[in-house]
A.B. asks: 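A single structure is presented below for examination.
Because only heavy atoms are used, hydrogens play no part in the values below, and waters and symmetry mates are left out as well, while side chains stay in. Owing to the predicted nature of the structure, the values given are computational and were not obtained by experimental measurement.
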Amino acid sequence: MSQSPPSTATGAPVIGLDLGGTKIAAALLGADGTVLARYTRPTPARDGAPAVLDALAAAAAEVDPARLATALGIAAAGVVDPRTGRVTSATDSLRGWAGTALGAGLADRTGLPVACDNDVRATAGPELAALVAEVSAHASLLFAAIGTGVGGAVAVDGRMLHGASGIAGHLGHLPSPEAAGLPCTCGATGHLEVIASGPGIAAHYERLTGTSVDRLETVAERAARGDTDAVHAITSGAAATGRVLGGLANALGPDRVVIGGGVPRIGSLYGDALAAAFAAELMPPLRELVPVAPLFGHDAAVLGAAALTTALPLHQPGALR
């Protein structure tokens with residue numbers, strides 16, 4: 001089903017930025033949500049937080065050379081508290097990122113008011129807007145992004161949940177029996193991410209076979225050729241995800257469950273195992289609920305980032321001075 005881009009509702013263009021561990025994507029969006037310009041550049045991930053903020057500001061300047069934008073929204077890796085504008089926790093994929101004053105730091109560099117949030121919650125924003133338009137203002141959403149990590153977003157009664165320190169939605173750090181005893185990137189053990197993420201599935205295949213693999217796609221190719229260990233690694237990760245999401249669905253009662261990220265794109269072996277495990281967990285009132293793919297494509301994060309400027313606190317230039 002085709003969807004219109006979410007409106008920025010500001011009456012003027014805004015900038016959306018998507019910060020990942022390898023790439024910064026920028027877009028200038030009109031008031032109706034139309035993408036007017038795009039720009040990408042590498043993330044200086046090993047150079048420290050000031051260098052990343054500088055690169056973000058440079059991307060904003062490149063995508064809006066005429067300085068038409070009146071605000072900027074950023075979807076960023078890490079645990080982001082949109083109220084304080086700070087990164088409250090992060091892995092080492094961005095060196096020194098934890099503790100960064102993202103909102104104020106970027107506002108000072110660009111001269112624009114800045115709204116910020118975690119990248120997965122921002123990506124889920126357009127999904128929530130579409131669901132609310134289709135169902136009701138009180139619609140609820142469970143969104144999972146399964147790629148190099150396992151992230152998520154939860155919206156209840158039409159409102160995205162942020163939680164203490166901005167940590168709400170980190171689905172990859174729920175306990176999973178399949179991951180028992182395995183160390184997680186957060187410092188704990190036994191979390192879903194270490195069995196269900198792309199690297200987690202590849203690592204599980206290595207544990208089963210003693211054979212090193214370079215990427216998830218290699219495991220998927222071997223599974224397609226009938227490698228039973230590859231099939232087991234993929235279906236174990238998928239089933240673990242399905243069980244966690246099914247349990248969460250029982251707890252939250254979502255109108256829609258959306259599963260995005262790169263891992264689901266490896267094919268039906270993964271998708272079928274996840275759907276079966278998900279269905280097996282559901283209570284009777286939710287039996288018709290089936291996980292679906294995202295409505296929005298590669299622009300989802302920058303669209304969601306731009307929309308943050310109308311939904312979250314704006315951090316103003318000069319706050320750090």
A.B. asks: I'd like to know if the side chain of Thr218 and the backbone of Val213 have a donor-acceptor N/O pair within less than 3.5 Å.
C.D. replies: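 It does not hold such a pair.
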A.B. asks: Look at the rings of His204 and His232 and say which category their plane angle falls in: under 30° parallel, 30 to 60° tilted, over 60° perpendicular.
C.D. replies: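 Ring orientation of His204 relative to His232: tilted.
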A.B. asks: Can you name the residues that form a salt bridge (charged side-chain N to carboxylate O under 4.0 Å, His left out) with Asp81, not counting sequence neighbours?
C.D. replies: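 Applying salt bridge (charged side-chain N to carboxylate O under 4.0 Å, His left out) to Asp81 gives Arg83.
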A.B. asks: Please name the pair of heavy atoms, one in Ala45 and one in Gly21, separated by the smallest distance, quoted to 0.1 Å.
C.D. replies: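 Minimum heavy-atom contact is CB-O, 3.4 Å.
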A.B. asks: Do Val156 and Val258 share a hydrophobic cluster, counting only Ile, Leu, Val, Met, Phe, Trp and Tyr and linking them when any side-chain heavy atoms are less than 4.5 Å apart?
C.D. replies: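 No: no chain of side-chain contacts under 4.5 Å links Val156 to Val258.
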A.B. asks: Does the side chain of Leu216 come within less than 4.5 Å of Ile266's, by heavy atoms?
C.D. replies: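 Side chain of Ile266 against side chain of Leu216, heavy atoms only: contact under 4.5 Å found.
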A.B. asks: Taking Asp227 for its side chain and Ala230 for its backbone only, find out whether a donor-acceptor pair lies under 3.5 Å.
C.D. replies: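 Present.
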A.B. asks: Counting only heavy atoms not in Arg46, do more than 12 sit closer than 6.0 Å to its CZ atom?
C.D. replies: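 More than 12 within 6.0 Å, yes.
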A.B. asks: Verify, without hydrogens or angle tests, whether Ser268 (side chain) and Gly271 (backbone) share a donor-acceptor contact under 3.5 angstrom.
C.D. replies: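 Pair absent, no side-chain N/O of Ser268 close to backbone of Gly271.
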A.B. asks: Can a salt bridge be assigned to the pair Glu134 and Arg256 using a cut-off of 4.0 Å between side-chain N and carboxylate O?
C.D. replies: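 Here Glu134 pairs with Arg256 in a salt bridge, since their nearest N and O are under 4.0 Å apart.
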A.B. asks: Does any N or O in the side chain of Ser140 come within less than 3.5 Å of the main-chain N or O of Asp157, such that one atom is a donor and the other an acceptor?
C.D. replies: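 Between the backbone of Asp157 and the side chain of Ser140 there is a qualifying donor-acceptor contact (under 3.5 Å).
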A.B. asks: Does a side-chain heavy-atom distance below 4.5 Å link Leu19 with Leu94?
C.D. replies: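 When only atoms from C-beta onward are counted, Leu94 and Leu19 do touch, with a gap below 4.5 Å.
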A.B. asks: Verify, without hydrogens or angle tests, whether Arg215 (side chain) and Gly198 (backbone) share a donor-acceptor contact under 3.5 angstrom.
C.D. replies: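 No, because the side chain of Arg215 does not come within donor-acceptor range (under 3.5 Å) of the backbone of Gly198.
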A.B. asks: For residues Thr43 and Thr22, determine if any side-chain heavy atom of one lies less than 4.5 Å from a side-chain heavy atom of the other.
C.D. replies: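 They are not in side-chain contact.
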A.B. asks: Between the main-chain N or O of Ala301 and the side-chain N or O of Asp18, is there a donor-acceptor pair closer than 3.5 Å?
C.D. replies: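 Flag not set: sc Asp18 to bb Ala301 has no pair under 3.5 Å.
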A.B. asks: For Leu208, what are the other residues in its hydrophobic cluster, where any two members join if their side-chain heavy atoms are less than 4.5 angstrom apart?
C.D. replies: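 ILVMFWY cluster around Leu208 holds nothing else.
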A.B. asks: Have a look at Glu193 and tell me which of Thr241, Thr148, Thr185 forms a side chain to side chain donor-acceptor pair (under 3.5 Å) with it.
C.D. replies: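 Of the listed options, the one satisfying the test is Thr185.
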A.B. asks: Working note: His162 + Asp117, criterion side-chain hydrogen bond (donor to acceptor under 3.5 Å, both in side chains); need CA distance, chi angles, decisive distance, verdict.
C.D. replies: CA-CA 9 Å; His162 294 90; Asp117 205 352; 3.1 Å; yes
A.B. asks: Looking at Arg159, I'd like to know if its CZ atom is crowded, meaning that more than 12 non-hydrogen atoms belonging to other residues, nucleotides or ligands lie closer than 6.0 Å.
C.D. replies: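 Open.
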A.B. asks: Could you grab the distance from atom CG of Leu36 to atom CG of Leu28, nearest 0.5 Å is fine?
C.D. replies: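 It is 5.0 Å, given to the nearest 0.5 Å.
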A.B. asks: With rounding to the nearest 0.5 angstrom, report the OG to OH distance, Ser212 to Tyr205.
C.D. replies: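 If I round to the nearest 0.5 Å, the distance is 10.5 Å.
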A.B. asks: Supply the atom-to-atom distance Leu112 CG to Asp64 CG, rounded to the nearest 0.5 angstrom.
C.D. replies: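 Here the rounded value is 7.5 Å.
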A.B. asks: Ion pair present between Asp54 and Arg109, side-chain N to carboxylate O less than 4.0 angstrom?
C.D. replies: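 The answer is yes: the pair qualifies as a salt bridge.
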A.B. asks: Which Ile, Leu, Val, Met, Phe, Trp or Tyr residues join Ile167 in one cluster when any pair of side-chain heavy atoms under 4.5 Å counts as a link?
C.D. replies: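 Val79, listed by chain and number.
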A.B. asks: Side-chain heavy atoms under 4.5 angstrom apart, residues restricted to Ile, Leu, Val, Met, Phe, Trp, Tyr: same cluster for Ile259 and Val290?
C.D. replies: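 They do not share one cluster, since no chain of ILVMFWY contacts under 4.5 Å joins Ile259 to Val290.
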A.B. asks: Between Asp299 and Arg38, is there a side-chain N and carboxylate O pair less than 4.0 Å apart?
C.D. replies: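 Arg38 and Asp299: salt-bridged.
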